[in-house]
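Structure first, then comments.
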Amino acid sequence: MILKNPEKYGISSERMLKLVQEMDAQVEDLHSIAVVCDNDVVLLKCKEPYTEECRQMMHSFAKSMNSIAVGIAISEGKIHLEDKIADYFRGYLPETYDKRIEDLTVRNLLTMAAGACRYSSYFKGVTDSWIRHYFTYELPHDPGTVFQYDTGASYILSSLITKTMGKTTLELMQERVFSSMGIENVDWLTSPEGNTVGGWGLYLSTPEIAKIGILLANLGRWNGESLVSEEFLKEAGRKQIQTPIEEECPYGYGYQFWIGAEQSFCVFGAFGQCIIVNPQKRMAVAVTAGASDKGGNPNRKISRISNEELLIPTERGELPDNPEALQKLKEHLEGMVLPCAQGERASVLEEK
């Protein structure tokens with residue numbers, strides 16, 4: 001567990017306690033929570049039996065990391081937002097395909113406006129080219145006109161990284177970003193044709209997620225060094241397209257990042273793998289969980305709690321120490337554990 005004096009960072013211990021309590025009460029099966037500010041981890045707690053060493057599948061959290069790789073390629077002039085995807089993958093186009101694919105751009109893929117809707121399950125059992133497989137579907141909408149959540153778009157972007165940068169998304173991220181942050185030996189699933197899958201399959205621990213929160217809160221800078229283009233991250237974290245669920249999520253979507261309240265942007269992965277970032281205040285809240293949708297979308301719930309209880313009301317001014325509130329926060333964190341199953345272990349598979 002990590003707990004520094006929040007008041008030293010202009011954050012109220014009382015607000016931090018309320019944040020943790022609300023997450024613990026409202027987010028089903030909360031596994032961990034971290035709060036970062038400036039260049040530091042102010043709070044980090046993994047609920048037993050989860051530990052700081054435990055890496056978890058991050059699901060669509062990976063899409064935002066994939067976007068960072070695209071940002072690196074764009075900043076180096078290897079690809080451009082208006083590039084036509086078909087020009088890079090001409091040899092993968094099937095004999096018969098929807099001709100609107102010719103109009104598909106890098107920007108369309110980043111903003112989930114490819115006119116396609118390919119979840120990771122679409123690639124299950126496909127043992128040859130996933131790129132070709134992506135181009136076999138008829139598009140329900142013209143590219144660039146409608147937001148449709150599309151994990152396949154992330155895979156095509158990852159394949160584009162391999163083609164233009166000469167290394168996979170994982171290799172590029174490990175070399176340019178992760179290694180500088182002390183994140184080593186990351187696991188990220190690979191397709192049968194050798195590309196990082198891009199939109200899912202990334203495994204990270206809570207301390208590693210907290211480090212990524214620091215990177216995003218500082219718009220690509222780590223210990224003063226620029227690892228990712230600030231300009232790209234500003235655009236990635238800005239509303240680029242309206243989503244069909246505007247009433248529930250009125251802030252829209254950026255470049256593989258969801259947009260939150262009060263200039264925040266979000267990394268979302270299924271079941272509550274999230275980072276909620278406020279770069280104006282150089283703060284972020286990171287969460288892992290095993291939450292279902294039975295109480296509402298857990299990612300939007302995490303975003304709402306983070307903003308309402310901490311990010312929006314915190315002004316980052318000078319605050320006097322509050323040892324009593326800090327002690328209450330410490331005691332609450334120490335008491336956070338997940339319930340273990342009771343009774344004797346019994347399984348028909350035990351002897352096998």
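Model, not experiment: these values are computed from the prediction. Just so it is clear, the values below take in all heavy atoms, side chains as well, and ignore hydrogens, waters and symmetry mates.
Inter-residue side-chain proximity for I72 and V177 is flagged as met; some heavy-atom pair is nearer than 4.5 Å. Side chains of P207 and L44 form a contact here, defined as non-hydrogen atoms less than 4.5 Å apart. Between K47 and L30, some side-chain heavy-atom pair lies under the 4.5 Å cut-off. Side chains of M23 and I302 form a contact here, defined as non-hydrogen atoms less than 4.5 Å apart. Put simply, the side chain of E7 does not reach to within 4.5 Å of the side chain of E318, judged on heavy atoms. Within the 4.5 Å cutoff, side-chain heavy atoms of F271 are placed close to those of H59. Put simply, the side chain of M16 does not reach to within 4.5 Å of the side chain of K18, judged on heavy atoms. Counting heavy atoms from C-beta outward, Q21 and L17 have side chains that approach closer than 4.5 Å.
Counting only distance, with no hydrogens or angles, the side chain of N66 and the backbone of K63 share no donor-acceptor pair below 3.5 Å. Within the 3.5 Å criterion, the main-chain N or O of N299 finds a donor-acceptor partner in the side chain of N297. D40 places no side-chain N or O within 3.5 Å of a backbone atom of V42 that could act as its donor or acceptor partner. Although no hydrogens or angles enter the test, the distance criterion places a donor-acceptor pair under 3.5 Å between the side chain of K301 and the main chain of Q26. Using modelled atom types, no side-chain atom of E102 and backbone atom of A86 make a donor-acceptor pair closer than 3.5 Å. Under the 3.5 Å distance criterion, the side-chain polar atoms of K281 are matched with a main-chain donor or acceptor of I312. A distance-only check finds no donor-acceptor pair linking the side chain of Q327 to the backbone of E324 [under 3.5 Å]. In this structure, the side chain of Q342 engages the main chain of C340 through a donor-acceptor pair within 3.5 Å.
In summary, the aromatic rings of W258 and F147 are positioned with their centroids under 6.0 Å apart. The six-membered or imidazole ring of F232 lies near that of Y255, with a centre-to-centre distance under 6.0 Å. With ring centers used as reference points, F257 lies under 6.0 Å from F265.
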| query | Going through the checks in order, is the side chain to side chain donor-acceptor pair (under 3.5 Å) test met by E28 and S292? | reply | CA-CA 7 Å; E28 176 192 6; S292 69; 2.7 Å; yes
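Among residues two or more places apart in sequence or in another chain, the side chain to side chain contact (heavy atoms under 4.5 Å, CB included) test is passed with R100 by D98, E138, L139, D142, P143. Residues forming a side chain to side chain donor-acceptor pair (under 3.5 Å) with Y155 (at least two apart in sequence, or on another chain): S191, E193, N195. By the ring-ring contact (aromatic ring centres under 6.0 Å, His included) test, Y88 is found to be paired with no residue, residues two or more places apart in sequence or in another chain being considered. Taking T168 as the reference, T162, L170, E171, T196 meet the side chain to side chain contact (heavy atoms under 4.5 Å, CB included) condition, with sequence neighbours excluded. Residues passing the side chain to side chain contact (heavy atoms under 4.5 Å, CB included) test with S179 are Q174, E184, sequence neighbours excluded.
Using a cutoff of 4.0 Å between basic side-chain nitrogens and carboxylate oxygens, E76 and R176 are scored as salt-bridged. Looking at R107 and D83, no side-chain N of the basic residue comes within less than 4.0 Å of a carboxylate O on the acidic one, giving no salt bridge. With respect to the salt-bridge test (charged N to carboxylate O, under 4.0 angstrom), the residues K45 and E334 do not qualify. R316 has a carboxylate O that lies under 4.0 Å from a charged side-chain N of D38, or vice versa, which qualifies the two as a salt bridge.
Counting non-hydrogen atoms of other residues, nucleotides and ligands closer than 6.0 Å to CD of E48 gives a total of 12 or fewer. The number of heavy atoms from other shown groups lying within 6.0 Å of NZ (K4) is above 12.
Residue pairs meeting the side-chain hydrogen bond (donor to acceptor under 3.5 Å, both in side chains) criterion with at least one partner in residues 209-222, sequence neighbours excluded, are N218-R282.
Here the OG-CG distance, from S306 to L311, works out to 6.0 Å after rounding to the nearest 0.5 Å.
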